[in-house]
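Reviewing the structure listed below.
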Amino acid sequence: MELGRLEYLQALVTEFQVTDSQGNPRHCCLLIFFRLSMFPHTPDASLLAEAKEQVLANLANFAYDPKNYEYLRQLQVLDLFLDTLTEDSETLVEFAIGGLCNLCLDKTNKGYILEANGVEPVINCLSSSNEETVMSAVTTLMYLTTPQSRQQTTALPVVECMLRFSLSANRRLSNLATVFLEDYCTPPQVEEARSLSKHTAVGIPLPKD
């Protein structure tokens, strides 16, 4: 075990969330203290938000490397990412879904996310106005699709959403949605969703370009 790597990841997780003596979660980062010394008039809340974003971005980047998978599971980073999907900050959600997208390539990680009922919060990310969040969410649903999870990852509302995305002027999104429809959905599913879409104007909004 590479102790140095594990210790560094542990430090990142600790920086992201620290529990105070009353047991109430508060978020901090050592970077704040340096920023406060340089920019003393910057609101603390702004520094806290920026620090959380930077730490989460680092954790998401470490999720690219399969060598880190065991450590990230040990440190419960998968739960951290899943919990962050419900944050109000679009930036935090973007980094969290990006991290999950990287991690679920691994069979063990995929199984954990599915067991943790992670499909629903991933689907909710499809309604984000952030293009990168939506792209990661679509890709994550692809990776999470198994014979057992297919009913949920390709549920009718998801297929309807992919149909709308496939018509987007955003080529990255339209191409990815088309792959989803062709490779992960059955023709009857697509037809049902297309038929239903003709009778309703309600749908998941397209992300901003």
Side-chain angles (χ1 to χ4, degrees), residues 1-35 47-126 128 130-150 152-153 176:
M1 177 177 290
E2 299 177 42
L3 190 58
R5 186 187 297 251
L6 177 60
E7 288 179 335
Y8 183 75
L9 291 170
Q10 174 68 76
L12 286 177
V13 173
T14 302
E15 286 184 19
F16 186 80
Q17 185 170 50
V18 176
T19 303
D20 64 19
S21 58
Q22 283 74 42
N24 300 316
R26 63 184 178 87
H27 298 88
C28 69
C29 179
L30 294 177
L31 178 64
I32 295 173
F33 299 107
F34 295 102
R35 292 294 178 86
L47 290 172
L48 285 169
E50 182 181 349
K52 286 176 63 177
E53 291 169 3
Q54 291 192 10
V55 172
L56 199 65
N58 284 334
L59 286 171
N61 285 334
F62 274 103
Y64 274 110
D65 190 344
K67 291 181 180 179
N68 296 321
Y69 288 167
E70 181 182 348
Y71 307 139
L72 293 172
R73 287 194 295 269
Q74 182 178 339
L75 297 171
Q76 299 182 312
V77 172
L78 282 81
D79 291 307
L80 187 153
F81 284 152
L82 286 170
D83 291 343
T84 304
L85 294 184
T86 60
E87 288 274 358
D88 293 331
S89 167
E90 289 188 3
T91 302
L92 288 177
V93 173
E94 175 188 340
F95 293 147
I97 188 63
L100 287 171
C101 186
N102 294 331
L103 288 169
C104 66
L105 283 166
D106 175 76
K107 183 178 180 181
T108 301
N109 292 337
K110 177 190 299 188
Y112 185 90
I113 294 168
L114 292 174
E115 284 293 322
N117 298 315
V119 172
E120 182 177 351
V122 171
I123 289 175
N124 290 339
C125 288
L126 295 175
S128 172
N130 184 312
E131 177 187 343
E132 294 305 321
T133 295
V134 174
M135 295 288 293
S136 292
V138 175
T139 305
T140 301
L141 287 175
M142 291 178 176
Y143 293 154
L144 291 178
T145 299
T146 67
Q148 293 73 33
S149 67
R150 183 178 297 275
Q152 189 176 11
T153 58
L176 188 61

Value for CD (Glu120) from CD (Gln152), rounded to nearest 0.5 Å, stands at 7.0 Å
Result for side-chain contact (heavy atoms from CB on, under 4.5 Å) between Val138 and one of Leu141, Thr140, Val134 points to Val134
So CG of Asn61 and CG of Leu56: to nearest 0.5 Å the spacing works out to 10.0 Å
In terms of heavy-atom contacts, Leu82 and Ala116 come closest through CD1-CB, 3.9 Å
The reported gap from CD in Glu70 to CG in Leu75 (rounded to nearest 0.5 angstrom) is 10.5 Å
OG of Ser136 to CZ of Phe95, rounded to nearest 0.5 Å, is 10.5 Å
What one should report as the nearest heavy-atom pair of Val55 and Leu12 is CG1-O, 3.1 Å
Sorted by chain and number, sequence neighbours left out, side-chain contact (heavy atoms from CB on, under 4.5 Å) with Asn109 holds for Tyr69, Arg73, Leu78, Leu103, Asp106
Tightest non-hydrogen contact, residues Gly99 and Phe81, listed as CA-CE1, 3.7 Å
Handout entry: Close side-chain approach of Thr146 to Lys110, heavy-atom, < 4.5 Å
Key = yes
In terms of heavy-atom contacts, Ala137 and Cys125 come closest through CB-CB, 3.8 Å
Q: Find out whether Glu90 and Thr133 are in side-chain contact, i.e. whether some heavy atom of one side chain is under 4.5 Å from a heavy atom of the other.
A: no
Across all chains, not counting sequence neighbours, the salt bridge (Lys or Arg N to Asp or Glu O under 4.0 Å) partners of Asp79 are none
Open item on the list: Whether the side chain of Asn130 engages the backbone of Thr91 through a donor-acceptor N/O pair (distance < 3.5 Å, no angle test) should be reported.
Closed with: no
All heavy atoms of Asn102 vs all of Ala60, minimum pair found to be ND2-O, 3.2 Å
Here the pair of heavy atoms bringing Leu80 nearest to Thr84 is O-OG1, 2.7 Å
Value for CD1 (Ile123) from CG (Leu85), rounded to nearest 0.5 Å, stands at 12.0 Å
| message | Donor-acceptor check, side chain of Ser149 to backbone of Leu144, threshold 3.5 angstrom: yes or no? | response | yes
Value for CG (Leu6) from OH (Tyr71), rounded to nearest 0.5 Å, stands at 6.5 Å
